[in-house]
Novice: 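Before anything else, here's the structure in question.
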Amino acid sequence: MRQEFIQYITYEKRYSPHTVKSYISDLSQLQSFLLSTFEIDDLETALHPHLRSWSVSLMEDDKTARTVRRKISATRAYFRWLRKYHDIKNDPTLKLVLPTIPKRLPVVVEEVQMIQLTTAGIFPENFAGARDRAIIEMFYHTGMRSAELLGLKDFDIDYHQKTLKILGKRNKERIIPVSDELLEVIGNYAGYREELPQTDHEGHFFVNEKGRKLYPKLVYKVVNNYLGIVSSQRKKSPHVLRHTFATHMLNRGADLNAIKELLGHASLAATQIYTHNTVEKLKNIHRDAHPNG
């Protein structure tokens, strides 16, 4: 694996650090397989039968279809780069077949549970309680990702225009409208934050008790703890609140294209998964309410 490829996906393609790390790991695993199985020490000399054998071995090792697809995608990206920049004619990935991923509906919190969480006086009336409520409400009102919330800066909140500027994947910006209710919640948190010691948090909106920028595990813990109060479901992550936002919006008649823009999806196909939840809900209503259900 050439070092230039890592620089390419890092700086030119602007893949996330997590994706870059995964690509490096996947290609390194492939190199090890080729060396141990076929005594091939140069990835660029691999042929289609070699890669097909590797794909089969992954499935036999009980790797999930999603994992195998990611590893094949990393390999395809590498050979595409070789064809484009190094005039490599052989691309053994062209005929590789991707395993099918079983469709899984997004996990969501029921609307009545979200109402209970935000109106039942569950959050303590102190800095931590105000901040934690702002985190929960921010996820639920906007559908933003955890990384987007962590990256939110003070100047990204426009109280006059009632909007948030969010920096999404691949540095794509989007503007999200903010309700008066959410503005009140984040304003309450901001008031508590003013009483904290002034430390260098680089202008990040969400901070801990010491005035420092939050980290992903703390945000996950906050969401997990509070969703656990109103819901017994196994998954209780920030991404569940993103799914919940989109599903509740769709259930109440929001246009799918509008939800796509709010979520920052690159294509409508990624947003359409939420229609399945709505269809399933209608099926359940029909089954329970119809005389012959």
Side-chain angles (χ1 to χ4, degrees), residues 103-146 148-149 152 162-164 166 176-189 192 206 216 218-265 270-293:
K103 283 188 177 179
R104 292 187 297 178
L105 296 181
V107 176
V108 302
V109 183
E110 292 295 329
E111 191 170 332
V112 65
Q113 294 172 328
M114 289 305 304
I115 293 173
Q116 178 188 354
L117 178 59
T118 55
T119 61
I122 292 173
F123 298 92
E125 293 186 9
N126 54 26
F127 167 78
R131 181 204 61 199
D132 294 352
R133 179 174 182 179
I135 289 172
I136 297 289
E137 297 265 22
M138 189 75 82
F139 279 131
Y140 182 50
H141 278 254
T142 69
M144 66 170 60
R145 303 175 178 93
S146 182
E148 294 168 347
L149 180 135
L152 193 69
K162 298 181 181 180
T163 59
L164 291 178
I166 296 178
I176 292 183
V178 180
S179 66
D180 290 334
E181 179 185 349
L182 180 57
L183 283 176
E184 182 178 348
V185 170
I186 62 179
N188 182 49
Y189 156 68
Y192 277 103
F206 286 105
L218 193 150
V219 172
Y220 176 87
K221 182 179 179 182
V222 167
V223 174
N224 186 271
N225 286 347
Y226 279 101
L227 289 188
I229 296 174
V230 296
S231 174
S232 60
Q233 64 189 37
R234 184 175 61 85
K235 281 192 173 184
K236 298 184 286 287
S237 67
H239 217 69
V240 166
L241 285 178
R242 179 170 163 86
H243 293 325
T244 301
F245 160 81
T247 301
H248 290 182
M249 289 280 287
L250 191 62
N251 286 344
R252 286 179 169 267
D255 179 73
L256 196 63
N257 276 298
I259 296 174
K260 166 186 170 292
E261 296 301 320
L262 291 170
L263 292 175
H265 282 162
T271 316
Q272 284 175 330
I273 188 171
Y274 297 109
T275 62
H276 296 292
N277 266 355
T278 302
V279 170
E280 287 302 313
K281 183 176 181 180
L282 289 173
K283 285 181 180 178
N284 291 334
I285 293 171
H286 182 274
R287 182 192 65 229
D288 295 338
H290 195 277
N292 295 331

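In what follows, every heavy atom counts, from backbone to side chain, and hydrogens, waters and symmetry copies are set aside.
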Novice: Check V108 against V240 and note the closest heavy-atom contact, atom names and distance.
Specialist: CA-CG1, 4.4 Å
Novice: With a 4.5 Å limit on heavy-atom distance, are the side chains of P177 and L262 in contact?
Specialist: yes
Novice: Would you indicate whether the side-chain heavy atoms of D132 and Y189 approach each other to under 4.5 Å?
Specialist: no
Novice: Which pair of non-hydrogen atoms, one from P238 and one from V223, has the smallest distance, and what is that distance?
Specialist: N-CG1, 3.8 Å
Novice: Between CD1 of I186 and CD1 of I135, what distance do you get to the nearest 0.5 Å?
Specialist: 12.5 Å
Novice: Using only atom types and a distance under 3.5 Å, with no angle test, would you say the side chain of R131 pairs donor to acceptor with the backbone of Y192?
Specialist: no
Novice: Can you name the salt bridge (Lys or Arg N to Asp or Glu O under 4.0 Å) partners of D255, sequence neighbours left out?
Specialist: none
Novice: Could you give the distance from CE (M114) to CZ (F245), rounded to the nearest 0.5 Å?
Specialist: 12.0 Å
Novice: In the structure I gave you, are the side-chain heavy atoms of V185 and H141 within less than 4.5 Å of one another anywhere?
Specialist: no
Novice: So, taking the atom named CG in L152 and the one named CZ in F206, what distance separates them when rounded to the nearest 0.5 Å?
Specialist: 6.5 Å
Novice: Give, for atom CG of L227 and atom CD of Q113, the distance between the pair rounded to the nearest 0.5 Å.
Specialist: 9.0 Å
Novice: Evaluate the side-chain proximity of V219 to F139: yes if any heavy-atom separation is below 4.5 Å, no if none is.
Specialist: yes
Novice: Run N225 and I229 through side-chain contact (heavy atoms from CB on, under 4.5 Å) and show every step you take.
Specialist: CA-CA 7 Å; N225 286 347; I229 296 174; over 6 Å; no
Novice: Rounded at 0.5 Å granularity, tell me how far OG1 in T275 sits from CG in L256.
Specialist: 6.5 Å
Novice: With a 4.5 Å cut-off on side-chain heavy atoms, are P106 and Y274 touching?
Specialist: yes
Novice: Step through the shown structure and confirm whether more than 12 heavy atoms of other residues, nucleotides or ligands are within 6.0 Å of CD on Q233.
Specialist: yes
Novice: Taking T118's backbone N and O only, do any of them form a donor-acceptor pair with R133's side chain (distance below 3.5 Å, no angle check)?
Specialist: yes
Novice: Let me confirm one number: the CG-OG1 distance from L263 to T271, rounded to the nearest 0.5 Å.
Specialist: 6.0 Å
Novice: A side-chain contact here means heavy atoms from C-beta on lying under 4.5 Å apart; do L164 and M138 qualify?
Specialist: yes
Novice: Taking only residues two or more places apart in sequence or in another chain, which ones pass ring-ring contact (aromatic ring centres under 6.0 Å, His included) with H239?
Specialist: H243
Novice: Donor-acceptor pair, distance only, cut-off 3.5 Å: does the side chain of H248 make one with the backbone of V109?
Specialist: yes
